[in-house]
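Structure record follows, encoded as structure tokens.
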Amino acid sequence: YRVRAVHDRGSSFFSDVGTGITGIDDLTQLLIDNLRITEFMYNPLDPNDGDEFIEIKNISQTETLDMSGVFLDNGRYAFPPGSSLDPTNFFVLVRDPAAFGIVHPGVAVGGVYAVDDTLSNSGETLWIKDDGSNDIVRFTYQGGNNDPNWYPTTDGGGYSMVSVDPNPVGGAPNLPVFWRASADIGGSPGADDPNPGFGTVVINELLAHQDLPSGDVVEFYNTGSSAVDLGGWYLSDEETSLRKYSFPPGTMIGASNYL
């Protein structure tokens, strides 16, 4: 850029050419670096999709984000002038505040869909842009019943989709590995989702078909250094029926032991 002074006696010569970064570029980069969709419920238990929600998070530990004019896909929501999101804070956008409040009492609702357009159960592209229409967040998810890699329990089973990393700096949200099903039915809007508690227990070996009286066998191994109580855990071979076998209370597997 070049500048010059203008007054009632005339104008000065232009200055030498200079360069600079405008404030809007700085603000856009802050949004790109720190604004994330960290959880969404696209097909809840409610057949009317009333408790559908999208959770947005500022993953920065120090930067407050200027959200003025930031808007979501399909006219779903636009942040009014003067809006901001403090460090590590959440903004929960809901479709139906009354239905959401029944399922999640006490969770603060940040905004309501401006357009009553439900999230697609079969999958769609979600995006967030700033007031200059720059892409801040963009990814495509698939419905779990269409693609089992995308967690069938999130597709009408009552679980939400949450980012594996609660503060994802990088990664590819277009891929199912970026996500997992929430630890609990209903999800955890407005908060980091709790650890699902898979711990250190793995399926170490299985015998899926044999004619011996002992029948089929599944072997578990505890890779950790502490015993794990499996009581209340479930085992299944069907993604849509996850409670086919229940471990009795007090079922323990010792450190570096098999079951």
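- Here the straight-line distance linking atom CD1 of I128 with atom CG of N134 works out to 13.5 Å at 0.5 Å rounding.
- W127 and V92 sit in two unconnected hydrophobic clusters of ILVMFWY residues. Membership requires side-chain heavy atoms under 4.5 Å apart, directly or through other members.
- Side-chain polar atoms of K57 and N167 form a donor-acceptor pair below 3.5 angstrom.
- The shortest side-chain heavy-atom distance between F220 and L235 falls under the 4.5 Å cut-off.
- Using modelled atom types, one finds no donor on one side chain facing an acceptor on the other under 3.5 Å when comparing E205 with Y258.
- Between K129 and D135, the shortest heavy-atom distance links the atoms CE-OD1, 3.1 Å.
- Using modelled atom types and a 3.5 Å distance limit, the side chains of E63 and N34 yield no donor-acceptor pair.
- Atoms CG and CZ, on L93 and F100 in that order, are 10.0 Å from each other to the nearest 0.5 Å.
- A pairwise comparison of heavy atoms in T153 and A181 identifies OG1-CB, 3.5 Å as the closest pair.
- In this structure a side-chain-to-backbone donor-acceptor pair under 3.5 Å is present from S182 to S160.
- The line from CG of D147 to OG of S122 is 11.5 Å long, rounded to the nearest 0.5 Å.
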Show, in sequence, the C-alpha distance, side-chain angles and deciding distance for L207 and D216, and conclude whether the side chain to side chain contact (heavy atoms under 4.5 Å, CB included) test is met. CA-CA 5 Å; L207 186 58; D216 299 343; 5.7 Å; no
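- Residue F40 forms a ring pair (Phe, Tyr, Trp, His ring centres under 6.0 Å) with just one option from Y159, Y141, F53, and that option is Y141.
- V115 approaches G75 most closely through the heavy-atom pair CG2-O, 3.3 Å.
- Counting only heavy atoms from C-beta outward, the side chains of F90 and P189 never approach each other to under 4.5 Å.
- The backbone N or O of G254 lies less than 3.5 Å from a partner atom in the side chain of N222, making a donor-acceptor pair.
- For the side-chain hydrogen bond (donor to acceptor under 3.5 Å, both in side chains) with T28, the lone residue among D66, D33, D130, D131 that qualifies is D130.
- Side-chain contact between T62 and P87: absent, with no pair of heavy atoms (C-beta onward) separated by less than 4.5 Å.
- At least one side-chain heavy atom of E52 sits under 4.5 Å from a side-chain heavy atom of T118.
- Minimum interatomic distance between L259 and L230 (heavy atoms only, all atoms of both residues): CD2-CD1, 3.6 Å.
- Judged by distance alone, the side chain of Y151 and the main-chain N or O of W179 form a donor-acceptor pair under 3.5 Å.
- Between Y77 and V112 the shortest heavy-atom distance is CD1-O, 3.5 Å.
- Side-chain atoms of I59 and T88, non-hydrogen and from C-beta on, never get closer than 4.5 Å to each other.
- R180 has a carboxylate O that lies under 4.0 Å from a charged side-chain N of D193, or vice versa, which qualifies the two as a salt bridge.
- Smallest separation of non-hydrogen atoms from S68 and G82: OG-N, 2.8 Å.
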Using side chain to side chain contact (heavy atoms under 4.5 Å, CB included), reason through V228 and M252 one step at a time and then give a plain yes or no. CA-CA 6 Å; V228 176; M252 303 295 296; over 6 Å; no
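- The closest donor-acceptor contact from the side chain of T154 to the backbone of M161 lies at 3.5 Å or more, if one exists at all.
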For side chain to side chain contact (heavy atoms under 4.5 Å, CB included), just list the numbers for L30 and L65, CA-CA rounded to whole Å, side-chain angles, deciding distance to a tenth of an Å, and then say yes or no. CA-CA 7 Å; L30 277 176; L65 300 180; 4.1 Å; yes
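- Centroid-to-centroid, the aromatic rings of W233 and Y245 stay 6.0 Å apart or farther.
- Cluster annotation: V70 is connected to I54 through the hydrophobic network of ILVMFWY side chains, with a link wherever side-chain heavy atoms come within less than 4.5 Å.
- You'll find the side chain of S163 stays beyond 4.5 Å of the side chain of P173, heavy atoms only.
- In the hydrophobic clustering of ILVMFWY residues, with side-chain heavy atoms under 4.5 Å counting as a link, I37 and M41 come out apart.
- Taken to the nearest 0.5 Å, the CG atom of N145 stands 14.0 Å off from the CH2 atom of W150.
- In terms of modelled atom types and a separation under 3.5 Å, the side chain of R36 and the main chain of N58 share no donor-acceptor contact.
- In this structure, the side chain of D184 does not engage the main chain of S188 through any donor-acceptor pair within 3.5 Å.
- In terms of modelled atom types and a separation under 3.5 Å, the side chain of S83 and the main chain of M67 share no donor-acceptor contact.
- Counting only distance, with no hydrogens or angles, the side chain of R76 and the backbone of A114 share no donor-acceptor pair below 3.5 Å.
- By the 4.5 Å heavy-atom criterion applied to side chains, K244 and D237 are counted as neighbours.
- Of the residues D51, D116, N48, D49, the one that meets the side-chain hydrogen bond (donor to acceptor under 3.5 Å, both in side chains) test with R95 is D116.
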With ring-ring contact (aromatic ring centres under 6.0 Å, His included) as the criterion, how do F178 and F139 come out once you've worked through the C-alpha distance, each side chain's angles and the decisive distance to 0.1 Å? CA-CA 11 Å; F178 184 90; F139 65 89; 7.5 Å; no
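- Formation of a donor-acceptor pair under 3.5 Å by the N89 side chain with backbone atoms of L85 is not found in this model.
- The hydrophobic clustering, which links ILVMFWY residues whose side-chain heavy atoms are closer than 4.5 Å, places V107 and V109 together.
- Of the inter-residue distances, the one linking D155 atom CG with N43 atom CG reads 4.5 Å to the nearest 0.5 angstrom.
- Proximity of V177 to V164: side-chain heavy atoms (C-beta onward) are nowhere separated by under 4.5 Å.
- The distance from atom CG of D117 to atom CG of D73, rounded to the nearest 0.5 Å, is 7.5 Å.
- In the hydrophobic clustering of this structure, L27 does not group with I56; members are Ile, Leu, Val, Met, Phe, Trp, Tyr whose side-chain heavy atoms approach within less than 4.5 Å, directly or through other members.
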